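The block underneath contains the structure these notes are about, expressed in structure tokens.
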Protein chains: 2
Amino acid sequence: MEKSEPLAFLEHDHSQCRQTALKCANNQGLRLTKWRQLVLDLLLEDHRSMGAYEILNRLECNGVKPQPPTAYRALDFLVEHGLAHRIEKLNAYVACARPDACQSAGFIICKECNIVAEVECSPSSPELLRVAANVGFDAESTVMEVEGICSNCQNGN
Amino acid sequence: MEKSEPLAFLEHDHSQCRQTALKCANNQGLRLTKWRQLVLDLLLEDHRSMGAYEILNRLECNGVKPQPPTAYRALDFLVEHGLAHRIEKLNAYVACARPDACQSAGFIICKECNIVAEVECSPSSPELLRVAANVGFDAESTVMEVEGICSNCQNGN
DNA sequence: ACAAATCTGTTATAATGTTACAATCCCGTT
DNA sequence: AACGGGATTGTAACATTATAACAGATTTGT
């Protein structure tokens with residue numbers, strides 16, 4: 001598979017994605033607590049994005065349903081440590097597709113089926129970064145998202 | 001001035017920006033109604049972004065303060081017709097810096113002073129678009145945003 | 001075992017955005 | 001000028017997304 005192939009659109013062994021993410025989390029010595037684990041599991045179900053409240057509504061542990069801060073804390077943690085990404089356009093979250101090798105990611109978002117394909121790519125448009133550098137701007141984070149209709153949905157699937 | 005120079009960071013005659021935007025709106029034959037005019041005026045005050053409710057709170061006409069839908073309708077209209085942009089990372093809006101020649105814009109966002117510099121640039125990272133094209137994705141809109149600290153704010157201004 | 005740091009539970013509230021429907025205004029045609 | 005259809009606005013209620021604040025519990029390093 002090519003480096004920047006968007007996994008989400010390809011047939012693949014998705015359980016591998018989950019394995020990789022978990023392994024990666026452990027290797028980093030992160031504290032994957034109960035809620036973080038559960039949230040990550042939900043996100044790792046597939047390559048769709050989930051809103052915080054969709055996650056919250058499905059979160060549950062021994063019959064206990066947590067409050068919003070619990071979901072947001074877990075999400076913040078996962079995003080901060082590169083196990084998940086926030087999709088700004090959707091106010092939603094996806095599991096990182098390549099937590100072992102994620103430097104800078106862009107996202108291809110299908111409006112129809114909500115698949116979010118992660119693409120490892122250089123941060124932002126080169127022009128944008130060049131201009132930022134020119135004016136002495138200290139870039140900390142970048143958002144790269146393309147929204148449209150995926151090939152499957154164009155064909156009415 | 002170079003094509004892709006970010007106006008927001010440069011000394012410039014800002015009244016020109018407003019003139020251009022208004023001229024542009026009229027040339028397109030758009031109906032710049034009362035609220036649209038007022039919202040656009042607020043956005044054109046400078047190159048900062050404003051949240052919908054910040055705009056709403058400042059909106060007023062003959063002592064009448066409108067409700068949220070009024071602000072959102074005006075913003076949607078302005079965005080749809082290229083007179084303003086939505087900044088996804090901030091859930092906020094800026095006036096378009098070059099409404100006469102805006103094809104595809106990226107944004108440099110300073111966390112400190114909230115300046116949003118618009119940069120005309122090719123849409124997204126080439127890799128991201130190439131991958132999208134490869135998988136037959138029909139791209140409709142792209143988000144390109146870089147957040148960080150501008151040169152002024154780095155120097156404690 | 002202790003203190004410090006981190007994480008969780010809980011309540012409340014803030015901020016952002018939308019639905020739905022009635023009333024009004026604008027514009028082209030009679 | 002009167003009419004009719006489409007666009008715009010007024011208004012109330014509500015939905016969704018996110019955070020503040022603080023107490024209690026758990027984990028970690030020493």
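Proteins come first, then strands; the chains are lettered A, B, ... in the order of their sequence lines, and each starts at number 1. Keep in mind it's a predicted model, so treat the numbers as computed, not measured.
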Exercise for review: Could you identify which residues of residues 66-86 of chain B place a heavy atom less than 4.0 Å from some atom of DNA chain C, listed by residue number, or say none?
Suggested key: P68(B), P69(B), Y72(B), R73(B), R86(B)
Quiz: residues 62-79 of chain B side-chain donor-acceptor pairs under 3.5 angstrom, not counting sequence neighbours:
residue: K65(B); atom: NZ; partner: N57(B); partner atom: O; Å: 2.7
residue: K65(B); atom: NZ; partner: L59(B); partner atom: O; Å: 3.4

Review item, side-chain donor-acceptor pairs of residues 43-50 of chain B, under 3.5 Å, at least two apart:
residue: E45(B); atom: OE1; partner: R58(B); partner atom: NH1; Å: 3.2
residue: E45(B); atom: OE1; partner: R58(B); partner atom: NH2; Å: 3.4
residue: E45(B); atom: OE2; partner: R58(B); partner atom: NH2; Å: 2.7
residue: D46(B); atom: OD1; partner: R48(B); partner atom: N; Å: 2.9
residue: D46(B); atom: OD2; partner: R48(B); partner atom: NH1; Å: 2.6
residue: H47(B); atom: NE2; partner: H12(B); partner atom: NE2; Å: 3.1
residue: H47(B); atom: NE2; partner: H14(B); partner atom: ND1; Å: 3.3
residue: R48(B); atom: NE; partner: C113(B); partner atom: O; Å: 3.1

Practice item. Search all heavy atoms of S141(B) against all heavy atoms of K89(A) and return the closest pair with its distance. Key: OG-NZ, 3.3 Å
Review point. What are the two closest heavy atoms between F9(B) and C150(B), and how far apart are they?
Key: CE2-CB, 3.6 Å
Check your understanding: With R36(A), which residues qualify under salt bridge (charged side-chain N to carboxylate O under 4.0 Å, His left out), at least two apart?
Key -> none
Point to revise | Residues in contact with DNA chain C, drawn from residues 45-64 of chain A - heavy-atom cutoff 4.0 Å | key: none
Practice item. For residues V143(B) and V146(A), determine if any side-chain heavy atom of one lies less than 4.5 Å from a side-chain heavy atom of the other. Key: no
Review point. Is a donor on one side and an acceptor on the other found under 3.5 Å between the side chain of E120(A) and the backbone of A105(A)?
Key: no
Check your understanding: Do you know the tightest heavy-atom contact between P99(A) and C24(A)?
Key -> O-SG, 3.2 Å
Study note, to complete from the structure: For F107(A), the ring-ring contact (aromatic ring centres under 6.0 Å, His included) test, sequence neighbours excluded, returns H85(A)
Point to revise | Intermediate values then yes/no, salt bridge (charged side-chain N to carboxylate O under 4.0 Å, His left out), K23(B) and D100(B) | key: CA-CA 9 Å; K23(B) 199 176 300 174; D100(B) 50 341; over 6 Å; no
**Study point:** Within residues 23-43 of chain A, residues whose heavy atoms come under 4.0 Å of DNA chain C
**Key:** R31(A), T33(A), K34(A), W35(A), R36(A)
**Study point:** Contacts of D138(A) that satisfy salt bridge (charged side-chain N to carboxylate O under 4.0 Å, His left out) - sequence neighbours left out
**Key:** none
**Study point:** Sequence neighbours excluded, every pair satisfying side-chain hydrogen bond (donor to acceptor under 3.5 Å, both in side chains) that has a member inside residues 142-156 of chain A
**Key:** N152(A)-N157(A)
Exercise for review: Take atom CG of L90(A) and atom P of dT16(D), then tell me their distance rounded to the nearest Å.
Suggested key: 16 Å
Practice item. Using five base pairs at each end, measure the axis-to-axis angle across the helix from dA1(C)-dT30(D) to dT30(C)-dA1(D) and round it to 10 degrees. Key: 40°
**Study point:** Stepwise side chain to side chain contact (heavy atoms under 4.5 Å, CB included) test for I55(A) and L38(A)
**Key:** CA-CA 9 Å; I55(A) 289 167; L38(A) 289 169; over 6 Å; no
Exercise for review: Determine, stepwise, if the pair T20(A) / R98(A) fulfils side chain to side chain contact (heavy atoms under 4.5 Å, CB included).
Suggested key: CA-CA 8 Å; T20(A) 306; R98(A) 302 184 166 281; over 6 Å; no
**Study point:** Qualifying side-chain hydrogen bond (donor to acceptor under 3.5 Å, both in side chains) pairs with a residue from residues 102-113 of chain A, counting only residues at least two apart or across chains
**Key:** K111(A)-E140(B)
Check your understanding: First contact, last contact: which nucleotides of DNA chain C are these for chain A, 5' to 3', heavy-atom distance under 4.0 Å?
Key -> dT6(C) to dT11(C)
